[in-house]
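Take a look at the structure below.
Every chain is numbered from 1 and lettered A, B, ... according to where its sequence line falls, protein lines coming before strand lines. Hydrogens, waters and symmetry mates play no part in the numbers below; they use all other heavy atoms, side chains included. In this text the structure is predicted, and so the values were computed from the model without any measurement.
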There are 2 protein chains.
Amino acid sequence: MKKNYTIKDIARIVGVSKGTVDRVIHQRGRVSQETAEKVKAVMAQFEYRPNPIAKRLKKNTIYNISILLPQKNSDPYWLPCFAAIEQVEREYGHFGIKLNRYYFDPEVTASFLSVGLEAIASKPVAFLMVPLFFREAEIIAEKCKETNIKVATFNNYVNQSKVDFFIGQDLYQSGRVAASLFYILIKEKANLAILHIDESFQNASHMQEKERGFIDYFEINKSKEVKIHIHHLKKEDGFSIEETITNFKRKNAYLDGIFVTTSKAYLLANGGRVSSTKPILVGYDLVEKNIAHLKEGNISFLIHQDPKKQVYLSLTSLVEYFLFDNPFRKQLLLPIDIINAENYSYYLA
Amino acid sequence: MKKNYTIKDIARIVGVSKGTVDRVIHQRGRVSQETAEKVKAVMAQFEYRPNPIAKRLKKNTIYNISILLPQKNSDPYWLPCFAAIEQVEREYGHFGIKLNRYYFDPEVTASFLSVGLEAIASKPVAFLMVPLFFREAEIIAEKCKETNIKVATFNNYVNQSKVDFFIGQDLYQSGRVAASLFYILIKEKANLAILHIDESFQNASHMQEKERGFIDYFEINKSKEVKIHIHHLKKEDGFSIEETITNFKRKNAYLDGIFVTTSKAYLLANGGRVSSTKPILVGYDLVEKNIAHLKEGNISFLIHQDPKKQVYLSLTSLVEYFLFDNPFRKQLLLPIDIINAENYSYYLA
DNA sequence: AGTTAAAATGTGCTCGTACACGCAAAATAT
DNA sequence: ATATTTTGCGTGTACGAGCACATTTTAACT
């Protein structure tokens with residue numbers, strides 16, 4: 001039954017005015033050493049914590065946070081991010097949190113840089129981005145450091161020293177999770193492929209980490225005989241991505257399983273069950289087309305990277321820091337959710 | 001760039017005093033029909049939303065919430081709940097949220113009822129419980145209804161009409177998830193057991209739902225030949241639970257896999273790898289002993305019921321309702337998290 | 001000693017809302 | 001007609017913190 005002590009309480013107990021207590025709290029000087037000590041002692045004794053409600057009401061400032069995201073008509077993987085932004089706006093709008101959205105074209109590196117610079121030109125208190133282009137992201141991050149803007153990143157890893165906050169998955173470990181699933185899905189002997197598909201190979205390191213984890217798992221668990229083949233696939237000139245995939249499937253018909261390291265597993269599931277020898281598929285992300293194939297049984301498992309949660313948590317971490325001085329951890333690694341046809345629905349929206 | 005309009009703004013625009021606007025908002029009467037209409041119109045036009053911060057500061061009321069939980073030295077499954085309570089206290093303490101803990105002995109039905117009644121005797125605004133004993137839980141819930149106390153439940157399902165809020169998992173579906181995992185773990189033919197272990201069988205329906213889901217899955221997916229055996233295990237007089245388990249294992253050595261519907265899977269994993277024919281184990285809950293066996297490979301998968309999240313979300317739903325009038329959904333079904341040796345660590349605390 | 005600057009402390013308003021109170025005009029009663 | 005109640009509205013204070021400004025106390029000079 002402990003009361004929340006106020007500045008007035010502390011002042012009364014020490015025998016000074018609240019102005020003096022306030023000066024001690026904010027270290028604004030003009031207080032004798034002696035009384036400062038007394039005030040501090042009493043504050044400590046009664047565990048004084050300033051009332052964040054009153055604080056907020058008084059300092060009626062607006063906190064602008066800029067967010068740099070891929071434009072809406074690009075990869076549907078990013079769609080849940082927008083819902084997260086709206087949720088934070090709803091929850092914290094009355095606390096003076098203003099979120100400003102900026103969109104870049106993921107196909108055009110230069111747009112990432114230019115829109116990113118535009119986003120921080122208005123001098124927000126914080127800047128959140130998905131650093132698809134790590135070189136450009138670092139340039140923006142450095143500009144933020146100069147102007148004292150907190151930098152948060154999600155989904156893609158960049159050099160920790162450049163940013164204040166990162167949230168995402170441990171990609172190496174997610175590769176291992178995928179491998180552990182294949183391990184129970186395959187027979188005693190199997191040919192497996194790691195398949196990196198992306199229209200543009202921005203995030204090479206992103207895929208490499210997953211690859212490393214996947215290979216390591218089978219290095220350690222040797223009781224099944226597995227051969228791992230690594231393939232990079234990209235839209236070829238004169239062919240659609242679908243044609244490229246069909247071509248790949250024909251050339252590699254001997255594969256028992258394919259680990260698709262991007263959200264494009266549905267491309268391999270398309271065309272469906274050619275025969276009972278169709279390869280086992282494990283991929284990433286709960287995008288609509290993947291879900292459809294998961295339900296059909298064409299994809300065995302998906303790993304959920306939860307972009308919505310990533311955006312929600314990065315924004316709330318920043319917000320709580322500015323509003324309530326809650327320190328945030330420099331790095332947050334989200335769970336590696338294993339999704340199949342029986343549990344996917346609980347992870348949507 | 002829309003401003004947040006205040007009562008004062010509205011008053012100025014209408015040409016009345018803030019007192020009048022306030023009376024309209026709270027429907028306290030003493031306002032002429034005519035001006036009331038005008039005020040309402042202007043509020044609607046400028047989308048007036050009362051500032052929850054100021055509101056909270058003024059109405060300095062304390063919201064007492066009572067929580068009924070199993071006492072700490074019982075099943076370790078409940079341990080994460082306490083952390084959730086502390087977190088909510090930290091986050092909402094300054095908003096006047098006070099959480100009062102009450103503990104019952106899960107071995108003694110009567111203690112549930114008596115401590116529960118004690119918990120609501122102090123007339124809290126809300127009451128959260130884990131309704132292990134559904135009959136007694138309904139009695140308490142009815143008492144709450146009479147005295148206008150909001151009733152929230154988690155983990156165990158009770159009649160929806162009796163309570164205001166429920167959070168937990170869809171148990172039928174979680175049985176199906178377990179079955180879908182066995183499906184890929186077993187060979188073409190297999191003998192599987194559903195094993196209900198509990199020192200006391202309070203939550204019979206809890207287990208039945210899981211059983212039903214498990215069986216249904218194999219009814220639908222018939223491409224593997226599975227025989228399902230159902231067993232109830234309970235501490236027998238004169239024997240320790242461990243001895244009972246050993247006895248069960250010896251008598252049922254032919255089993256290829258065992259689905260343990262409670263958090264006691266570790267009991268079957270104990271004694272470890274008797275031979276290469278040891279049964280495949282899938283169980284529930286990330287309690288310490290289960291995790292240890294998961295790492296060792298004695299348990300293949302665990303389904304995470306996330307008691308911490310259950311408590312956290314039920315409390316925050318109530319809190320946001322009282323503080324900010326946020327309506328809560330009557331029922332919230334949490335994801336059925338699939339956990340193995342490679343991803344468990346991200347789900348712990 | 002008196003004057004003045006500097007240091008230490010107190011006072012009072014503000015943020016937006018809730019609510020008690022006050023006071024005039026209108027409606028009713030005597 | 002005057003007294004009294006009712007209706008409709010305005011005023012003012014409080015919640016706790018922050019900050020500008022006022023006031024007192026102490027120190028430092030002539």
Heavy-atom donor-acceptor pair, Lys72(B) side chain to Trp78(B) backbone, under 3.5 Å: no
Sequence-distant partners of Ser32(B), side-chain hydrogen bond (donor to acceptor under 3.5 Å, both in side chains), two or more places apart: Thr35(B)
Residues 79-95 of chain A, side-chain donor-acceptor partners within the protein, below 3.5 Å, at least two apart:
residue	atom	partner	partner atom	Å
Gln87(A)	NE2	Glu91(A)	OE2	3.1
Glu89(A)	OE1	Arg101(A)	NH2	2.9
Glu89(A)	OE2	Arg101(A)	NH1	3.1
Glu91(A)	OE1	Tyr312(A)	OH	2.8
Tyr92(A)	OH	Glu320(A)	OE2	2.7

Give the table of side-chain donor-acceptor pairs shorter than 3.5 Å for residues 115-129 of chain B, with sequence neighbours excluded, one pair per line with atom names and distance.
residue	atom	partner	partner atom	Å
Ser122(B)	OG	Ala119(B)	O	3.4

Spacing of Leu315(B) atom CG and Gln310(B) atom CD [to the nearest 0.5 Å]: 11.5 Å
Donor-acceptor contacts, no H, no angles, side chain residues 7-25 of chain A, under 3.5 Å, sequence neighbours left out:
residue	atom	partner	partner atom	Å
Asp9(A)	OD1	Arg12(A)	NH2	2.9
Asp9(A)	OD2	Lys3(A)	NZ	3.0
Asp9(A)	OD2	Thr6(A)	N	2.9
Asp9(A)	OD2	Thr6(A)	OG1	3.3
Ser17(A)	OG	Gly19(A)	N	3.4
Asp22(A)	OD1	His26(A)	ND1	3.2
Asp22(A)	OD2	Arg28(A)	NH1	3.3
Asp22(A)	OD2	Arg28(A)	NH2	3.0

Five-pair end axes of the helix from dG2(C)-dC29(D) to dT30(C)-dA1(D) and the angle they enclose, rounded to 10°: 70°
Where protein sits on nucleotides 16-25 of chain C, one letter per nucleotide: B base, S sugar-phosphate only, - none, heavy atoms under 4.0 Å: BBBB------
Residue pairs, two or more places apart or on separate chains, that pass salt bridge (Lys or Arg N to Asp or Glu O under 4.0 Å) and touch residues 76-85 of chain B: none
Pairs involving residues 30-72 of chain B, ordered by first then second residue, that meet ring pair (Phe, Tyr, Trp, His ring centres under 6.0 Å) (sequence neighbours left out): Tyr5(B)-Phe46(B), Tyr63(B)-Phe322(B)
Stretch residues 35-46 of chain B: residues that reach within less than 4.0 Å of DNA chain C through a heavy atom: none
Non-neighbouring partners of Lys162(A) that pass side-chain hydrogen bond (donor to acceptor under 3.5 Å, both in side chains), sequence neighbours left out: Glu142(A)
Outermost nucleotides of DNA chain D that come under 4.0 Å of a non-hydrogen atom of chain B: dT7(D) to dG16(D)
Pairing residues for Tyr102(A) by the ring pair (Phe, Tyr, Trp, His ring centres under 6.0 Å) criterion, not counting sequence neighbours: none
Within-4.5 Å side-chain heavy-atom neighbours: Leu313(A) and Phe154(A): no
Donor-acceptor contact below 3.5 Å, side chain Asp164(A) vs main chain Val151(A): yes
